[in-house]
Protein chains: 2
Amino acid sequence: MASIKDVAAEAGVSVATVSRVLNDHPSVSADARTRVLAAVETLGYRPNAVARSLRTDQTHTLGLVISDVLNPYFTELARSVEEEARALGYSVIIGNADERPELQDHHVRNLLDRRIDGLLVSPTDGGSPLMLDAARAGTPMVFVDRWIPGVDVPVVRADGRAAVRDLVAHLHGLGHRRLAIIAGPAATTTGSERVEAFREALAEYGIPLPDAYIGQGDFQAESGRRVTEGFLDLAEPPEVVFAADNLMALGALDAVRARGLRVPCDIALAAFDDIPWFVHTDPPITAIAQPTGELGRAAVRALVDRIEGRPPQSVTLPARLVVRRSCGENPEQNQNPEQNQRPAQNQSRAQNENPEQNRSTS
Amino acid sequence: MASIKDVAAEAGVSVATVSRVLNDHPSVSADARTRVLAAVETLGYRPNAVARSLRTDQTHTLGLVISDVLNPYFTELARSVEEEARALGYSVIIGNADERPELQDHHVRNLLDRRIDGLLVSPTDGGSPLMLDAARAGTPMVFVDRWIPGVDVPVVRADGRAAVRDLVAHLHGLGHRRLAIIAGPAATTTGSERVEAFREALAEYGIPLPDAYIGQGDFQAESGRRVTEGFLDLAEPPEVVFAADNLMALGALDAVRARGLRVPCDIALAAFDDIPWFVHTDPPITAIAQPTGELGRAAVRALVDRIEGRPPQSVTLPARLVVRRSCGENPEQNQNPEQNQRPAQNQSRAQNENPEQNRSTS
DNA sequence: CCTCAGCATGTAATCGATTCCACGAGGAGG
DNA sequence: CCTCCTCGTGGAATCGATTACATGCTGAGG
């Protein structure tokens, strides 16, 4: 691989001049510039990013540690993050924690060792010493989707409170009174907040949320299945199961089907996080949709602001309820079935990326 | 951030000794070793991977350029790649090409600039000059899923021929005679091969594959929708649509639903690439499943073999047909409906990794 | 008691860039 | 004509590691 020295030799100038041309420093003669560029061309020279990073102490790389690549929500988040980062001149290295704190730490350590310029994290747990140290040490960092309370790091996330209230209103309107939730790990903010929002919304209707109706999941499909089986085994099973993410909803669907039961006749189902497939499941699943793409972009902007010395901003965007048929039909409100309400092109990747809708930032 | 010099000062030794301790070189006294380790501990020192890479000319990093992160198939592939790489002591940087050749080139260039040790690619097109040059220049490289003919690079992929034949047998058995396919880009091997396999299988039953029944897609949902609409507009629309990937199947489903038609009564649907959601779509979708996890692992092993000087091996694994209900019911063969055949726990991420089940492929 | 092997250690070169500083040439201004 | 500033350029230090080579010390063997 040709180095800057080879280019310098080929062009008959010093390495300093080559470097200046490459970083278009003003003080280079037109003659030298053309000779250097010609040499670069003939040698097929590409600057060594490793060497450059060592010298400048900048990698122009962001780390993104997500909880689970197999979850379409995070996949979409990752895509928008990479897109925005690329637009701002950064690359992204993704670490997949698989909802396992030790794997999360592995990736954080790895990214830090590589001297990434900043870190985007959706923490799997309440915060390992490693991550807390990194935050305290001043590593540019932004939390996205989930966050760790008490740490001075900007947070970019969706607020699902209003949407959960809408969901409960919808369920109540359909006559459901026994409502259960499959929660995420209590150590995650999304794990506990969604339960709280659900409980509060139920309270408005005077409906309690007994412990038996709070299943402890881990955001993975298998836990959704296990918890749902527990619900179905109760003396008085719930009429509705609300899964705190889409994978647990998938698991719930599996469990219901394994019993030979049907959604929504035998039991209703709703999920947090909307995905294109929910339109085509049997039945189409009512879900709370986050403005995922917008969140990813906002998170990158906040992180890059922080990196480049501008004050970063926390952002909270509202989630919204998307009613489909998995909770039952309401002949009154539901004269517009969802398949007409959500036009077809929305189910492509452009979904949720309409910035003009539902904006309310803090 | 503490450097090796700080550690050396703290421990009262030279940087060489520190380096030797860190790389556990035999020739270090026990005393020096403990002093160095203590210094490392108190300073919270972590070696700078950038500097190390510059010196050793190894990054212990693999690049993975996939065609589309939003496609669950590639997402699962990426996960298994990262897993195996981690087990072998490598990190992975993922580049998402979004099926766009210029974006693919962007990522390849970026990864090469970062001096990754090797490249795993699922090419979006027939091979850009950049990629061909890289291959010729001796960059360790392995193609996964798709490949570029005429380039001397190991290929790890699934052979869908037998499964496609099984599919056509299944469709023929159900009485279908007008079979159409939504193809991928002709510039990709999977784009053209799947059409060829389909055509050959049809030929065995004396069924032609007219041009009108070959829709040109690009592996994205939107193209599946467009092509399917074209099929439905034909004077004699097909009885079956076979989508060459799961996203185009999603688009096809959207198109069918937009017309108010039903699968499989009005039109049957099958897809290449199985995903967990296909179990729960309306109706469950018959698909050809690849051993995705195994492919990812084999690809990493081949690449690391190449990097570490062992001869890499191309690998081809068989895909298999998973019959569900989207092509119609066959009262004869189908007395075991799919939901019982595929036990619930299979729909988690462990899916497809159970070699023993549902094997109806050669 | 001398020699030499081998071990522990340090000094310094090196990887490929960026960048400070010095220097010479040339032009403007006095 | 001299001075000084600007511009283009090159030399060399530097980033943080690894590693070849040199050196001093210890102990075994003759």
Side-chain angles (χ1 to χ4, degrees), chain A residues 1-40 43-61 89 91 109-117, chain B residues 1-40 43-61 89 91 109-117:
Chain A
M1 196 107 250
S3 84
I4 196 171
K5 273 188 207 154
D6 304 316
V7 176
E10 173 81 15
V13 297
S14 71
V15 293
T17 300
V18 175
S19 175
R20 279 187 275 257
V21 170
L22 264 37
N23 297 284
D24 44 37
H25 185 95
S27 184
V28 193
S29 68
D31 175 54
R33 163 165 283 112
T34 54
R35 292 222 309 286
V36 167
L37 292 178
V40 165
L43 295 176
Y45 169 77
R46 297 245 79 212
N48 183 327
V50 175
R52 191 196 295 246
S53 294
L54 176 61
R55 183 59 233 253
T56 62
D57 202 34
Q58 292 183 27
T59 50
H60 274 276
T61 302
S91 307
R109 191 166 357 247
N110 187 291
L111 293 165
L112 257 25
D113 285 355
R114 300 179 113 80
R115 301 303 194 265
I116 46 138
D117 293 342
Chain B
M1 195 108 250
S3 86
I4 196 172
K5 273 188 208 153
D6 304 317
V7 176
E10 172 82 15
V13 297
S14 73
V15 293
T17 300
V18 175
S19 175
R20 279 188 274 256
V21 170
L22 264 37
N23 297 284
D24 45 37
H25 185 94
S27 182
V28 194
S29 68
D31 175 56
R33 164 165 283 114
T34 54
R35 291 221 310 286
V36 167
L37 292 178
V40 165
L43 295 176
Y45 168 77
R46 296 245 79 211
N48 183 327
V50 175
R52 191 196 293 247
S53 293
L54 176 61
R55 183 59 233 254
T56 62
D57 202 33
Q58 291 182 27
T59 50
H60 274 275
T61 302
S91 307
R109 193 170 349 250
N110 186 289
L111 292 166
L112 257 25
D113 285 355
R114 299 179 114 77
R115 300 303 192 266
I116 46 138
D117 293 342

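We name chains A, B, ... by the order of the sequence lines, and we start the count at 1 in each one. All values below were derived from every heavy atom in this structure, side-chain atoms included, with hydrogens, water molecules and symmetry-related copies excluded. Keep in mind that what you see is a predicted model, and the values were worked out from it rather than measured.
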Candidate nucleotides D:dT9, D:dT19, C:dT19, ranked by approach to the side chain of B:Ala16 - the nearest: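 Among D:dT9, D:dT19, C:dT19, the one nearest the side chain of B:Ala16 is D:dT19.
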
Where the side chain of A:Arg52 is defined as all heavy atoms beyond and including C-beta, which of D:dT18, D:dG10, C:dA17 is the nearest nucleotide?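 When the side chain of A:Arg52 is considered, C:dA17 is the closest of D:dT18, D:dG10, C:dA17.
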
Interatomic distance, [X] [atom1] vs [N] [atom2] [rounded to whole Å]:
{"X": "A:Asp113", "N": "D:dG16", "atom1": "CG", "atom2": "P", "answer": "14 Å"}
{"X": "B:Leu54", "N": "C:dT14", "atom1": "CG", "atom2": "P", "answer": "14 Å"}
{"X": "B:Arg20", "N": "D:dA20", "atom1": "CZ", "atom2": "C1'", "answer": "10 Å"}
{"X": "B:Arg35", "N": "C:dG10", "atom1": "CZ", "atom2": "P", "answer": "8 Å"}
{"X": "B:Asp57", "N": "C:dA17", "atom1": "CG", "atom2": "P", "answer": "12 Å"}
{"X": "A:Ile4", "N": "D:dA12", "atom1": "CD1", "atom2": "P", "answer": "17 Å"}
{"X": "B:His25", "N": "D:dT19", "atom1": "NE2", "atom2": "P", "answer": "10 Å"}
{"X": "B:His60", "N": "D:dT18", "atom1": "NE2", "atom2": "P", "answer": "11 Å"}

Distance from B:Asp24 atom CG to B:Arg33 atom CZ, nearest 0.5 Å?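 Reported value, rounded in 0.5 Å steps: 6.5 Å.
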
Would you compute the distance between atom CG of A:Asp113 and atom CZ of B:Arg46 and round it to the nearest 0.5 angstrom? 4.5 Å

[X] side-chain N/O to [N] phosphate OP1/OP2 under 4.0 Å:
{"X": "A:Thr17", "N": "D:dT9", "answer": "no"}
{"X": "B:Arg55", "N": "C:dT14", "answer": "no"}
{"X": "B:Ser19", "N": "D:dA17", "answer": "no"}
{"X": "A:Ser27", "N": "D:dG8", "answer": "yes"}
{"X": "B:Ser29", "N": "C:dT9", "answer": "yes"}

Backbone of A:Ala49 reached by a side-chain donor or acceptor of A:Ser53 within 3.5 Å: yes

Where the side chain of B:Asn48 meets the backbone of B:Val50, is there a donor-acceptor pair that is under 3.5 Å apart?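 Checked: pair present.
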
Is it the case that atom CG in A:Asn23 sees more than 12 heavy atoms from other parts of the structure closer than 6.0 Å? yes

Base, sugar-phosphate, or nothing for [X], non-hydrogen atoms under 4.0 angstrom?
{"X": "B:Val18", "result": "nothing"}
{"X": "A:Asn23", "result": "sugar-phosphate"}
{"X": "B:Val50", "result": "nothing"}
{"X": "B:Ala49", "result": "nothing"}

Residue mapping more 5' on DNA chain C - nearest nucleotide basis, B:Ala51 or A:Leu22: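 Final value for this comparison: B:Ala51.
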
